[in-house]
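Below you'll find the structure, written out as structure tokens, and then a few comments.
We're numbering straight along the sequence, starting at 1. This is a predicted model, so every value here is computed, not measured.
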Amino acid sequence: MATAAVPGLEVNAARAHTRRSHGAFDAVEFRTTDGRHLIIRVPRSQSAESEQSADLVALRALTPGIRSRLPFAVPTFVGQAPVDGTRAVVTDFIEGGVSTADELTAHDRLAESVGLSIAAVHSLPAGFVGDAGLPRQSADAARESVVALVSRASDTGHLPAALLRRWEEATDDDTLWRFRPTVVHGGLAADVILNDGETVTGVLGWSGLAEGDPARDLHWLLTSRGAAAERALGAYIAAREGGADAHLPQRALLYGELELARWLLHGVDERDQEVIDDAVGLLDGLVESVHDRSSESLSPETGPILAVGDVERMLDETPHDHLPADRSGAMLTDSYDFSALRDGGAPMDATAPIPLDLTDWGDAAPGAASGVDNGETAGTASVDDRGATSSSDGDDQARADSGDDADDHARRNAASS
């Protein structure tokens with residue numbers, strides 16, 4: 001079949017090949033007389049054939065220019081030949097062994113290479129995805145697809161109520177789904193990452209190549225138990241140089257949990273009771289980990305949101321005895337490194353606020369702060385309320401001349417700060 005797929009090919013050695021891929025393909029690796037190391041694969045099912053077709057489209061989209069941006073090898077299409085109603089596909093053979101997720105994150109050097117490799121995929125320019133006709137999914141569409149998956153799993157009657165509630169709360173949280181889509185591998189898992197024990201040498205299985213949620217490629221990493229798993233995630237975030245959104249870990253964990261829902265749906269679709277029972281057992285185990293809090297929360301961690309009145313009470317209760325005598329505008333910011341604020345921002349003199357005189361914190365008459373009657377609500381008091389708008393200079397100056405309103409102005413600034 002190999003010589004039929006590649007004209008002029010001469011094979012001088014061959015052997016069966018396996019990647020622990022559950023027998024979806026018949027595969028043989030071989031060497032040619034001109035020194036090439038190739039592999040031929042024949043799908044054993046309709047789903048495997050569909051996967052192979054999508055993989056070929058993706059490999060053609062990964063042009064030499066795109067591949068040059070990746071720190072690992074990607075298979076190259078060499079030829080194909082029809083066989084038994086399907087086709088045999090020949091690609092070059094990528095050297096490297098297959099490891100479990102725990103093994104990939106067992107020590108620092110390999111774990112860091114894994115993180116950098118994933119970041120390299122997510123940093124690719126997304127234009128080639130659209131040019132190749134590959135899927136492109138927005139943040140809203142990503143959330144909708146998760147909602148649909150959860151709904152289907154719920155309809156089976158096997159999804160525990162605690163997980164349904166947990167997943168619905170995650171999909172209802174708008175902050176969780178504020179991210180910029182990137183190029184994603186789409187099927188990234190430990191068994192498609194090849195390595196030599198220290199670095200990633202190649203990545204296979206590109207049938208899911210698309211533009212979408214980068215968290216899809218990270219769920220397996222967050223659920224690995226290797227000692228250096230955090231090192232891999234840290235290397236990924238550093239390599240993205242600010243491109244990774246703050247809530248990516250929570251979404252990645254969600255995608256990891258949803259793999260159990262996919263396994264359940266697979267069993268239901270195939271009417272395989274053994275798979276269904278296995279999925280139900282795994283889901284029950286996840287419920288236990290959620291209840292005993294050994295599983296991380298899917299909701300972004302936020303502190304309590306205080307109303308202006310609450311902040312004022314806190315200020316009134318703050319002892320002033322030990323504050324420095326000169327507190328004018330200092331805001332106790334001596335410990336901050338302002339160079340961090342200037343990096344990548346506008347020039348300091350372009351947006352710097354006028355220093356605030358906070359000498360009279362907590363000394364205004366009771367109820368002064370509640371007298372906000374200039375069209376603003378107490379919850380929207382602004383630090384940049386300088387009394388210098390172009391449309392009401394006279395009115396703002398008159399208010400500034402009023403002693404009571406000046407106290408009100410200072411207190412509102414303090415509350416906002």
Side-chain angles (χ1 to χ4, degrees), residues 51 100-102 104-105 114-115 117-119 121-122 134-154 156 159-160 162-193 203 205-226 229-230 232-233 236-237 240 243-267 279 282-283 285-287 289-290 294-301:
E51 177 185 335
T100 65
D102 294 349
L104 285 173
T105 56
V114 169
S117 297
I118 300 174
V121 175
H122 294 176
L134 296 170
R136 305 181 73 175
Q137 189 180 59
S138 66
D140 288 340
R143 173 157 65 169
E144 290 169 2
S145 67
V146 170
V147 170
L149 176 61
V150 173
S151 178
R152 287 183 58 209
S154 177
T156 66
L159 183 64
L163 290 185
L164 176 61
R165 181 170 59 253
R166 175 179 170 87
W167 293 345
E168 285 181 338
E169 288 175 352
T171 54
D172 288 342
D173 190 343
D174 291 339
T175 61
L176 202 64
W177 301 93
R178 293 172 184 163
F179 66 88
R180 178 177 297 177
T182 69
V183 175
V184 293
H185 177 278
L188 204 59
D191 61 357
V192 301
I193 298 177
V203 175
W206 292 85
S207 59
L209 181 63
E211 181 181 3
D213 188 350
R216 287 172 52 190
D217 285 345
L218 291 168
H219 69 81
W220 67 274
L221 184 59
L222 267 69
T223 56
S224 66
R225 294 168 294 180
E230 290 187 4
L233 184 60
Y236 167 84
I237 293 174
R240 289 294 309 279
D245 66 279
H247 305 310
L248 184 144
Q250 285 93 352
R251 291 198 314 281
L253 182 59
L254 172 62
Y255 285 121
E257 295 179 0
L258 290 175
E259 288 299 302
L260 303 186
R262 294 182 187 277
W263 184 232
L264 171 65
L265 290 171
H266 172 71
L282 292 171
L283 290 168
L286 178 57
V287 170
S289 68
V290 170
S294 60
S295 180
E296 297 291 337
S297 171
L298 295 178
S299 300
E301 296 295 333

query: Checking side-chain contact (heavy atoms from CB on, under 4.5 Å) for the pair His185/Val192: CA distance, chi angles, key distance, verdict?
result: CA-CA 10 Å; His185 177 278; Val192 301; 4.2 Å; yes

- prompt: Between Thr182 and Val121, is a side-chain contact (heavy atoms from CB on, under 4.5 Å) present by the stated rule, with each step listed?
  reply: CA-CA 9 Å; Thr182 69; Val121 175; over 6 Å; no

message: Whether Asp245 and Arg240 form a salt bridge (side-chain N of Lys/Arg under 4.0 Å from carboxylate O of Asp/Glu) is what I want to check.
response: no

- prompt: How many angstroms lie between OH in Tyr255 and CG in Leu248, if you round to the nearest 0.5 Å?
  reply: 9.5 Å

field: Euclidean distance, Leu222 CG relative to Leu254 CG, rounded to 0.5 Å
entry: 11.5 Å

- prompt: Should the pair Glu168-Arg165 be classified as a salt bridge under the 4.0 Å nitrogen-to-oxygen rule?
  reply: no

field: Rounded distance [0.5 Å steps], OH in Tyr236 versus CG in Leu221
entry: 10.0 Å

- prompt: About how many Å separate CG of Asp140 and CG of Asp174, when rounded to the nearest 0.5 Å?
  reply: 9.0 Å

query: What pair of heavy atoms forms the shortest contact from Val287 to Pro160, and how long is it?
result: CG2-CB, 3.5 Å

task: Starting at CD of Gln137, measure out to CZ of Arg143 and round the result to the nearest 0.5 Å.
output: 12.5 Å

message: Keeping Asp191 on the side-chain end and Thr100 on the backbone end, is there a donor-acceptor pair under 3.5 Å?
response: no

field: Asp217 side-chain N/O to Val184 backbone N/O, donor-acceptor pair under 3.5 Å
entry: no

task: Side-chain contact test, heavy atoms from C-beta onward, threshold under 4.5 Å: evaluate it for Leu104 versus Trp220 and give yes or no.
output: yes

message: Can you confirm whether Arg166 sits close enough to Leu298 that some side-chain heavy atom of one is under 4.5 Å from a side-chain heavy atom of the other?
response: yes

- prompt: In terms of ring plane angle, is the pair Phe179 and Trp177 parallel, tilted or perpendicular, where the classes change at 30° and 60°?
  reply: tilted

message: Are more than 12 heavy atoms, taken from residues, nucleotides or ligands other than Arg136, located less than 6.0 Å from that residue's CZ atom?
response: yes

- request: Without swapping roles, check the side chain of His122 against the backbone of Ala215 for a donor-acceptor pair under 3.5 Å.
  value: no

field: Over all atoms of both residues, closest heavy-atom pair of Leu176 and Ala170
entry: CD2-O, 3.5 Å

message: The test is side-chain contact (heavy atoms from CB on, under 4.5 Å); show your working for Leu218 and Ile118 and say whether it passes.
response: CA-CA 8 Å; Leu218 291 168; Ile118 300 174; 4.0 Å; yes

query: Which atom names give the shortest non-hydrogen contact between His247 and Thr175, and what distance separates them?
result: CD2-O, 3.0 Å

- request: To the nearest 0.5 Å, tell me how far His219 NE2 sits from Ser224 OG.
  value: 11.5 Å

- prompt: Do Glu211 and Leu134 have side-chain heavy atoms sitting under 4.5 Å apart?
  reply: no

- prompt: Looking only at heavy atoms, which two atoms of Ala190 and Ala101 are closest? And how far apart?
  reply: CB-N, 3.4 Å

task: List the steps, then state whether side-chain contact (heavy atoms from CB on, under 4.5 Å) holds for Leu188 with Val203.
output: CA-CA 9 Å; Leu188 204 59; Val203 175; 4.1 Å; yes

field: Heavy-atom check, side chain of Leu282 versus side chain of Leu264, under 4.5 Å
entry: no

statement: For Ala139 and Pro181, the nearest pair of non-hydrogen atoms, with its separation, is N-CG, 4.2 Å

- request: Can you see which heavy atom on Leu159 is nearest to which on Val150, and at what distance?
  value: CD2-O, 4.2 Å

query: Short question: side chain of Thr105, backbone of Gly226 - any donor-acceptor pair under 3.5 Å?
result: yes

